[in-house]
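Worksheet: the structure to be examined is printed underneath.
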Amino acid sequence: MRFLVAVQLLPALESGEETLVGGQAVLEGVMMRSPHAWAIACRKPSGEVVTMSEPLARPSDKHKWMAWPIVRGVMTLGYAMNLGYRALRFSANVALEDVMTNESAKSNVEAGSSHVETAASAVPLKQSEAESSTKADAQGSAKSQSREKAATLSGWLAAANVIISLAFFIFMYKYLPLLAATELKKANPALGGQIAFNLVDGAVRLILFLLFIWGVSLFPDIRRVYQYHGAEHKTVFAFEDGKPLETSVVQKYSTYHPRCGTSFLMTVMLISIGFYMLIPFTTFWARFASRIVLLPVIAGVSYEIIRFAAKHRGSLFALMTAPGLWLQRITTQPPSDDQAQCAITALDHAMDLEKEHGGELVIA
């Protein structure tokens with residue numbers, strides 16, 4: 001369930017900027033990425049922090065057309081979503097492995113203890129030494145088995161969640177708002193005008209989105225994801241400000257970042273209202289199809305606005321991102337020191353790998 005909800009929240013939890021340091025909250029951890037590397041740090045229930053880092057190829061370095069305005073927004077968003085999904089799967093596997101290791105180790109130790117008792121009279125070993133060896137072997141075997149099982153389980157779970165997430169997105173934010181606006185138009189013909197109809201459609205879409213974001217925040221597990229989201233923002237702010245990545249320093253920064261996926265989603269929803277007003281279709285299914293087809297264009301334009309607003313925070317475009325910053329009062333929460341340390345660890349690993357593959361990264 002945590003993984004399912006996290007997949008639904010994926011666009012709101014990640015940042016889609018390719019040229020700057022960004023990140024994403026995952027299950028009990030944080031993923032951080034730079035232009036040429038990414039790293040993830042997840043904390044197990046035992047307190048151990050598991051990390052992974054890999055070099056990252058920039059699509060725009062290979063294909064110059066991917067750096068064109070509007071196009072780069074679509075490509076970067078898709079690339080970020082794919083990377084974010086991989087990070088979520090890794091965090092799910094870490095959680096599953098810890099649980100399954102404990103269960104398998106317990107089962108194997110019980111079986112091993114029985115075997116030691118049976119063979120004790122035939123083998124001249126001390127019972128304590130045999131039990132200790134059996135426990136170590138059982139734990140090692142359990143860890144290896146649980147990794148394989150966790151990866152398999154997560155793979156099936158991931159495939160199901162992709163289908164569920166796409167269906168949920170289309171149904172919740174495309175079909176239902178359009179259906180509600182169409183029914184209201186029948187009840188009140190005054191709402192049938194192009195402007196009024198799309199305002200109603202956009203209002204319903206925003207209400208559904210806000211209710212979902214707020215509703216899932218009531219679950220303690222998702223609230224912890226929101227805390228890791230806040231830790232990611234604080235750490236990115238400290239890095240961009242050139243401050244040392246220490247817990248006491250990072251905790252001084254705000255959890256509200258203008259380049260957040262939450263701001264991106266809010267901007268997409270607001271801009272889409274204006275876009276749909278320009279579409280002359282009047283039938284239900286034609287409007288429904290146009291909303292799906294135009295999504296990449298709207299996402300590309302929204303990306304450019306977010307990018308500009310992040311660099312010109314006193315501009316008119318920055319005002320368009322203000323609702324997203326307000327919404328971050330829900331999607332980001334103040335993190336604990338342990339959660340902030342996870343974000344710092346992830347960014348440290350990403351920066352170490354960035355120096356190897358891209359050189360020293362300087363934020364202008």
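Hydrogens, waters and symmetry mates are skipped; everything else that's a heavy atom, side chains included, is used.
- Looking at Lys234, its side chain does come within 3.5 Å of a backbone N or O of Tyr253 through a donor-acceptor pair.
- Gln24 contributes no side-chain N or O that, together with a main-chain N or O of Leu83, makes up a donor-acceptor pair within less than 3.5 Å.
- A donor-acceptor distance shorter than 3.5 angstrom exists from the side chain of Asn198 to the backbone of Gln194, with no hydrogens or angles considered.
- Here the NE2-CG distance, from His349 to Asp352, works out to 7.0 Å after rounding to the nearest 0.5 Å.
- Atom OG1 of Thr331 and atom CH2 of Trp326 lie 14.5 Å apart (nearest 0.5 Å).
- Between the NZ atom of Lys243 and the CZ atom of Phe237 there is a distance of 14.0 Å, given to the nearest 0.5 Å.
- Counting only heavy atoms from C-beta outward, the side chains of Val26 and Phe90 never approach each other to under 4.5 Å.
- Taking the six-membered ring for Trp and the full ring otherwise, the centers of Tyr175 and Phe169 sit at least 6.0 Å from each other.
- Residues Ala41 and Cys342 come closest through the heavy atom pair CB-O, 3.5 Å.
- Remark: Tyr228 OH to Met31 CE distance equals 15.5 Å, nearest 0.5 Å.
- Closest non-hydrogen pair, Leu191 versus Val200, comes out as CD2-CG2, 4.3 Å.
- Residues Val49 and Ile344 are members of separate hydrophobic clusters, defined by side-chain heavy-atom contacts under 4.5 angstrom among Ile, Leu, Val, Met, Phe, Trp and Tyr.
- Between Asp201 and the options Arg287, Lys185, Arg291, Lys174, a salt bridge (charged side-chain N to carboxylate O under 4.0 Å, His left out) holds for only Arg291.
- Between Glu246 and Lys252, no side-chain nitrogen of the basic residue sits less than 4.0 Å from a carboxylate oxygen of the acidic one, so the salt-bridge criterion is not met.
- Residues Tyr276 and Phe281 keep their aromatic ring centres 6.0 Å or farther apart.
- Closest approach of Leu353 to Ser53, counting heavy atoms only: CD2-C, 3.9 Å.
- Ile195 forms part of a hydrophobic cluster together with Leu199, Ile273, Met277, judged by ILVMFWY side-chain heavy-atom separations under 4.5 Å.
- Inspection of the His257 and Glu240 side chains reveals an N or O donor paired with an N or O acceptor under 3.5 Å.
- Remark: the backbone N or O of Gly47 is paired with a side-chain donor or acceptor of Arg43 at under 3.5 angstrom.
- In this structure, Leu218 is a member of the same hydrophobic cluster as Ile213, with clusters built from ILVMFWY side-chain heavy atoms closer than 4.5 Å.
- Of all heavy-atom pairs between Ala350 and Ala37, the closest is O-CB, 3.5 Å.
- Side chains of Met32 and Trp38 form no contact here, defined as non-hydrogen atoms less than 4.5 Å apart.
- With hydrogens and angles disregarded, no donor-acceptor distance shorter than 3.5 Å links the side chain of His229 to the backbone of Val225.
- Atom-to-atom distance recorded for Leu327:CG and Leu210:CG is 6.0 Å, nearest 0.5 angstrom.
- The backbone N or O of Gln333 sits nowhere less than 3.5 Å from a side-chain atom of Gln227 that would complete a donor-acceptor pair.
- When atom types are taken as modelled, the side chain of Glu183 and the backbone of Ala180 share no donor-acceptor pair closer than 3.5 angstrom.
- Here the closest non-hydrogen pair linking Leu245 and Ala238 is CD2-CB, 4.2 Å.
- Taking the six-membered ring for Trp and thresholds of 30 and 60 degrees, Phe168 and Tyr173 have ring planes more than 60 degrees apart, a perpendicular arrangement.
- Closest of all the heavy-atom pairs between Pro177 and Val204 is CA-CG1, 3.7 Å.
- The backbone N or O of Ala190 sits less than 3.5 Å from a side-chain atom of Asn188, completing a donor-acceptor pair.
- Here the side chain of Ser91 pairs a donor or acceptor atom with the backbone of Leu88 at under 3.5 angstrom.
- Ring pair Phe288/Phe284 is parallel by interplanar angle, where below 30° counts as parallel and above 60° as perpendicular.
- A chain of hydrophobic side-chain contacts below 4.5 Å, direct or via other Ile, Leu, Val, Met, Phe, Trp or Tyr residues, connects Ile292 to Leu179.
- Rounding to the nearest 0.5 angstrom, the gap separating the OH atom in Tyr256 from the NE2 atom in His233 is 11.5 Å.
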